[in-house]
*Asks:* 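Just passing along the structure, written as C-alpha cells.
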Amino acid sequence: MARSAPRSPEPGRVVGPGFHARVHERVRQVPPGWVTSYGDVAAALGARSVARHVGFALAALPAGSDVPWHRVVTARGTVAALGSSVARTQARRLRAEGVRVAPNGRVQEFSRRRWLFLDGTSPGQW
DNA sequence: GGTTTGACCATAA
DNA sequence: CTTATGGCCAAAC
C-alpha cells in the first residue's frame, strides 16, 4: 500500500501531520486584492484556536513559494511582526495588489477586503 | 530522537 | 490603550 500516503490528523483533531500543507492550500485560495487572517484560515480548517500554527506554517514557507502568504494578516487587520523584513515585504506586496496599508501596518478597510473561505468546508462554522 | 523555532487569537483586568 | 494567560503543535535540525 501507500508507503507514504498523505497523513491526516486523528479524528477530532485539526492539527496533525500534513497541517502545513493544508494551510498552504487554503491560503492559495485567497484572490489578489483580498486579505484574510491567521484565525480565519484556522477556522476554515476547523478550529480558530490553532491560529498560531497557521502563522508557524507560513513562517516555514520557502522563499519563492507560490503561496500568497502576504494576504494573511492578524485578526485586527494589521501586518504581523511589524518592523521585520517579512512585514516590509508583505506590505509592499499588498500595496502592489491595490491594498492600502498604513505605515503602522493597518490594512485599510480590512473588514471589506476580508476573504471568508465560504466555498470551503469549515466544520467549525462561524 | 530530543531540542529548537516559529508570521496568532480571545478574553480578562 | 497595555499586559497577562491559556489554547495550540508540526517540521527542521
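Naming: A, B, ... by sequence-line order, numbering from 1 per chain.
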*Asks:* Given atom CH2 of A:Trp69 and atom P of B:dG6, what is their separation to the nearest angstrom?
*Replies:*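 So the two atoms are 15 Å apart, to the nearest Å.
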*Asks:* Could you tell me if A:Arg26 and A:Gln29 have a donor-acceptor pair between their side chains, going purely by distance under 3.5 Å?
*Replies:*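 Yes, A:Arg26 and A:Gln29 have a side-chain donor paired with an acceptor closer than 3.5 Å.
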*Asks:* For A:Arg26 and B:dC8, give me the distance from atom CZ to atom P, rounded to whole Å.
*Replies:*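 Taking atom P of B:dC8 as the reference, CZ of A:Arg26 is at 21 Å.
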*Asks:* Would you indicate what A:Ser49 reaches in the nucleic acid, counting non-hydrogen atoms under 4.0 angstrom: base, sugar-phosphate, or nothing?
*Replies:*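 Here A:Ser49 touches the bases of the nucleic acid.
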*Asks:* Nearest whole angstrom, please: distance from the P of C:dC9 to the CG of A:Leu45.
*Replies:*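 Rounded to whole Å, this separation is 14 Å.
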*Asks:* For A:Arg22 and C:dA10, give me the distance from atom CZ to atom P, rounded to whole Å.
*Replies:*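 About 10 Å, once rounded to whole Å.
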*Asks:* Provide, to the nearest angstrom, the distance between the NE2 atom belonging to A:His53 and the C1' atom belonging to C:dC9.
*Replies:*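 Spelled out: NE2 on A:His53 to C1' on C:dC9 is 4 Å.
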*Asks:* Between atom CZ in A:Arg52 and atom C1' in C:dA11, what is the gap in whole Å?
*Replies:*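 For the pair A:Arg52 CZ and C:dA11 C1', the rounded distance is 15 Å.
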*Asks:* Between C:dG6 and B:dA7, how many Å separate the two P atoms, rounded to a whole number?
*Replies:*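 Straight-line distance between the two P atoms is 22 Å.
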*Asks:* Within this structure, what is the CG-CZ distance for the pair A:Leu94 and A:Arg113, rounded to the nearest 0.5 Å?
*Replies:*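 Here the rounded value is 9.5 Å.
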*Asks:* Is there a side-chain contact between A:Glu109 and A:Val99 (heavy atoms, below 4.5 Å)?
*Replies:*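 Contact flag for A:Glu109/A:Val99 side chains = no.
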*Asks:* Rounding to the closest angstrom, what is the interatomic distance between B:dG6 and C:dC8 at atom P?
*Replies:*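 One P to the other, the span is 23 Å.
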*Asks:* Rounded to the Å, how far apart are A:Phe56 CZ and B:dC9 C1'?
*Replies:*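 Distance check: A:Phe56 CZ to B:dC9 C1' gives 12 Å.
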*Asks:* Reckon A:Arg48 has a side-chain N or O less than 4.0 Å from the OP1 or OP2 of B:dC8?
*Replies:*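 Indeed not, no polar side-chain atom of A:Arg48 lies that close.
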*Asks:* Can you check the distance between B:dT5 and C:dG7, where both ends of the measurement are the P atom (answer in whole Å)?
*Replies:*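 It works out to 24 Å between them.
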*Asks:* Output the rounded distance in Å from CG (A:Leu58) to C1' (B:dT5).
*Replies:*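 Interatomic distance, CG of A:Leu58 to C1' of B:dT5: 15 Å.
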*Asks:* Considering heavy-atom distances to DNA chain C, does A:Ala51 or A:Ala60 have its closest nucleotide positioned more toward the 5' end?
*Replies:*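 Looking at DNA chain C, the more 5' nearest nucleotide goes with A:Ala51.
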*Asks:* To the side chain of A:Ala80, which of C:dA10, B:dC9, B:dA7 is closest?
*Replies:*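 Nearest nucleotide to the side chain: B:dA7.
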*Asks:* Of the nucleotides B:dC9, C:dA11, B:dC8, which has the atom closest to the A:His20 side chain?
*Replies:*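 The listed nucleotide nearest to A:His20's side chain is C:dA11.
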*Asks:* At what distance, to the nearest 0.5 angstrom, does CZ of A:Arg106 lie from CD of A:Gln108?
*Replies:*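 Output value for this atom pair is 9.0 Å.
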*Asks:* Could you please name the option among B:dA10, B:dC8, B:dG6 that lies closest to any side-chain atom of A:Tyr38?
*Replies:*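 Closest of the options to the side chain of A:Tyr38: B:dC8.
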*Asks:* State the CG-CZ distance between A:Asp66 and A:Arg28, to the nearest 0.5 angstrom.
*Replies:*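 Rounded to the nearest 0.5 Å, the CG-CZ separation comes to 4.5 Å.
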